[in-house]
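Worksheet for the structure shown next.
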Amino acid sequence: MRILITGGAGCLGSNLTEHCYPLGHNILIIDNFATGRRELVPPLPRLELVEGTIADRDLVRRAFEHFSPTHVVHSAASYKDPTDWREDVETNVLGTINVVEAARDFGAARFVNFQTVLCYGRAPEKPIPVDHPLAPFTSYAISKVAGEQYLAASELSWISMRLANVTGPRLAIGPIPTFYKRLKAEQSCFCTDAIRDFLDMSDFVSAVDLAMTATDVVGVFNVATGRGHSIKEIYDFVRKHLGLAPDPAVKIVPVGSDDVREIVPDPTSAMVKLGWKPRVDFRTTMQRVLEWYDAHGVSEVHSHLVHRGSQRQVSHAAR
């Protein structure tokens, strides 16, 4: 394959590159390093980098014309400033349109899109079926939904993966790195009363493998375990891993007005139509990522939520 990955210097994109590169595929990454890290795109044969934003239509088209990708993985997204609506629209809507149009015009055989499960808004059904009505209410989710709908209107062979909290190396969003970093620094923490679905990176990668090759399967799919865990569970797990005593008095607060209390997607459709199945249990998923932090530390932690008190909100979705 010749795989073009937007946002390839981020957590998901870099893990996919590490998976795909040893298989002999040619890879081109487009990234502006707003949240990605430059060192994750090393100078290697068969690995190219185009530095810039997908909001730049000419840059995107030059990259496609030069590389002629057979497969496109669209991981780039704007999310780190919830008040910057224009940046979210430029990247998540117009940028997605740029990538979709280039994929169409330069003959890509398959387009894989990553979507946030915040697209469902405050869905009453648990777990949330993939055909649940969309009700995004934050700039990030609204713009991501618009981008997904433009992709759906294209004539490409496409799939959009609505992702649970994908958990693994270089994870820099959500409660796990937040708690790890703060507890290591002996800083106080609080928990929201949120519930989230945590998916191991290896299960995510296996879903992408199937999505790229099952070109006759088109549409949207929840990629998740279908099981929820509280933010307090995450906090307790991180404390125990770090050898800290339990903290039964930790403050638990309601989620903010820009957040959703419970997001647990139903992966049944992906399991039936893609033949995919999550295989890694919650405890192993947590242990793997915490051991990775032990070895590599936690870089800057990003969030699509507003600041709240002395600690960022920690209940956000992975995408």
Side-chain angles (χ1 to χ4, degrees), residues 6-7 9-13 30-37 51-57 59-60 74-99 113-123 134-151 162-166 170-179 181-182 187-194 196 231 251 253-263 298-319:
T6 70
C11 176
L12 300 186
I30 302 177
D31 206 299
N32 64 355
F33 302 107
T35 52
R37 294 163 52 192
E51 183 174 353
T53 173
I54 59 170
D56 184 337
R57 183 173 183 268
L59 178 144
V60 170
H74 184 31
S75 180
S78 169
Y79 61 85
K80 69 177 184 177
D81 184 351
T83 66
D84 195 343
W85 296 359
R86 292 183 183 276
E87 170 59 29
D88 288 351
V89 169
E90 287 175 1
T91 300
N92 301 339
V93 184
L94 297 177
T96 297
I97 290 171
N98 291 339
V99 178
N113 180 62
F114 298 156
Q115 171 66 300
T116 173
V117 289
L118 291 171
C119 63
Y120 298 116
R122 298 184 176 93
L134 302 184
F137 59 88
T138 65
S139 176
Y140 171 53
I142 291 167
S143 57
K144 285 290 290 179
V145 165
E148 182 183 75
Q149 291 181 335
Y150 277 108
L151 172 62
R162 296 173 176 172
L163 300 172
N165 288 47
V166 181
R170 294 181 290 280
L171 177 66
I173 184 171
I176 306 173
T178 300
F179 289 143
K181 188 173 185 178
R182 294 188 65 86
Q187 295 175 325
S188 63
C189 296
F190 66 83
C191 301
T192 61
D193 63 351
R196 293 292 184 267
I231 302 305
K251 186 176 182 180
V253 302
V255 298
S257 60
D258 62 338
D259 201 4
V260 179
R261 183 178 179 274
E262 183 173 354
I263 305 177
V298 176
S299 60
E300 181 182 2
V301 180
H302 303 290
S303 174
H304 60 74
L305 300 173
V306 296
H307 288 280
R308 184 170 181 176
S310 60
Q311 174 189 313
R312 277 190 188 272
Q313 277 273 28
V314 296
S315 63
H316 31 287
R319 296 297 305 169

Do the side chain of R196 and the main chain of R261 share a donor and acceptor less than 3.5 angstrom apart? yes
Residues I263, L118; criterion side-chain contact (heavy atoms from CB on, under 4.5 Å); working and verdict: CA-CA 8 Å; I263 305 177; L118 291 171; 3.4 Å; yes
Write down the atom of A34, the atom of K80, and the distance for their closest heavy-atom approach. O-NZ, 3.2 Å
Over all atoms of both residues, closest heavy-atom pair of V60 and N98: CG1-O, 3.7 Å
Please name the pair of heavy atoms, one in E87 and one in S78, separated by the smallest distance, quoted to 0.1 Å. CG-OG, 3.2 Å
Between Y120 and V260, is there a side-chain heavy-atom distance shorter than 4.5 Å? no
Quick one: closest heavy-atom pair of K144 and A76, and the distance? NZ-O, 4.4 Å
side-chain contact (heavy atoms from CB on, under 4.5 Å) between W85 and I142, intermediate numbers included: CA-CA 10 Å; W85 296 359; I142 291 167; over 6 Å; no
Test side-chain contact (heavy atoms from CB on, under 4.5 Å) applied to I54 and H74, step by step: CA-CA 10 Å; I54 59 170; H74 184 31; 3.4 Å; yes
Distance from L94 atom CG to D56 atom CG, nearest 0.5 Å? 12.0 Å
With rounding to the nearest 0.5 Å, note down the distance linking CZ in R57 to CD1 in I97. 10.5 Å
Checking side chain to side chain contact (heavy atoms under 4.5 Å, CB included) against V253, which of D193, T192, I231 comes through? T192
Any side-chain heavy atom of T53 within less than 4.5 Å of one from L59? no
Rounded distance (nearest 0.5 Å) linking atom CG of L151 with atom CD of Q115: 10.0 Å
Looking only at heavy atoms, the pair that brings D88 and S139 closest together is OD2-OG, 2.6 Å
Shortest non-hydrogen pair, D259 vs F137, comes out as O-CZ, 3.7 Å
Are L163 and L12 side-chain neighbours, meaning at least one heavy-atom pair lies under 4.5 Å? yes
Among side-chain atoms of S143 and N92, is any donor-acceptor pair under 3.5 angstrom? yes
Rounded to the nearest 0.5 Å, what separates atom CD1 in I173 from atom OH in Y79? 5.0 Å
Between C119 and E148, is there a side-chain heavy-atom distance shorter than 4.5 Å? no
Using side-chain contact (heavy atoms from CB on, under 4.5 Å), reason through T91 and N32 one step at a time and then give a plain yes or no. CA-CA 11 Å; T91 300; N32 64 355; 5.8 Å; no
